[in-house]
Amino acid sequence: MPTPSMEDYLERIYRLIHEKGYARVADIAEGLEVHPSSATKMIQKLDKDEYVVYEKYRGLILTPKGKKVGKRLVERHQLLEQFLETIGVKQENIYKDVEGIEHHLSSDSILCIESLVEYFRRDPSRLNELRSLREQMDMES
Ligand code: FE2
């Protein structure tokens, strides 16, 4: 199992490759707000654990295992964004909050959140009910 920090890297690498077709150390480091030398160290660890293949002057690619995990991480991130959006969290807080919680949920919790999102998606009147309750509580606080 990748550690939370490895998960951040794999998520970032997967996104970069998906969006740009390649992932450079500089872009990975920038996105994660770390020094390129720390990024290189982590990428070497990911290489050792067979999530990526890293060649110093040629960049890196995801192994099938890295691809699978990266895809799962990106999907989990998207689900959690959807969840926070559904329950009415302000747009400006969503990304940061997801980054804070995403590595700390069991697959049980993820599945429950997934069904909750689906529950609201199936019937928008449920969502309206939740929103008006939220507004009511907001006015009371
Ligand atoms: Fe994330």
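Counting starts at 1 for both ligands and their atoms, in listed order.
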Rounded to the nearest 0.5 Å, what's the gap from [atom1] on [X] to [atom2] on [Y]? Could you check?
X: Ile61; Y: Tyr54; atom1: CD1; atom2: OH; answer: 13.5 Å
X: Met6; Y: Ile13; atom1: CE; atom2: CD1; answer: 10.0 Å
X: Phe120; Y: Leu127; atom1: CZ; atom2: CG; answer: 6.5 Å

inquiry  = Could you enumerate the protein N, O or S atoms under 2.8 Å from the Fe ion (ligand 1), written like residue then atom name?
reply    = Glu11 OE1, Glu11 OE2, His77 ND1, Glu99 OE2, Glu102 OE1, Glu102 OE2
ask   = Does His77 have its ring centroid less than 6.0 Å away from the ring centroid of Tyr14?
value = no
key: For Leu130 against Ile87, the heavy-atom pair lying closest together   = CD2-CA, 3.9 Å
task = Mind jotting down which residue pairs meet the side-chain hydrogen bond (donor to acceptor under 3.5 Å, both in side chains) criterion with at least one end in residues 36-51? Sequence neighbours excluded, please.
result = His35-Ser37, Lys45-Asp49
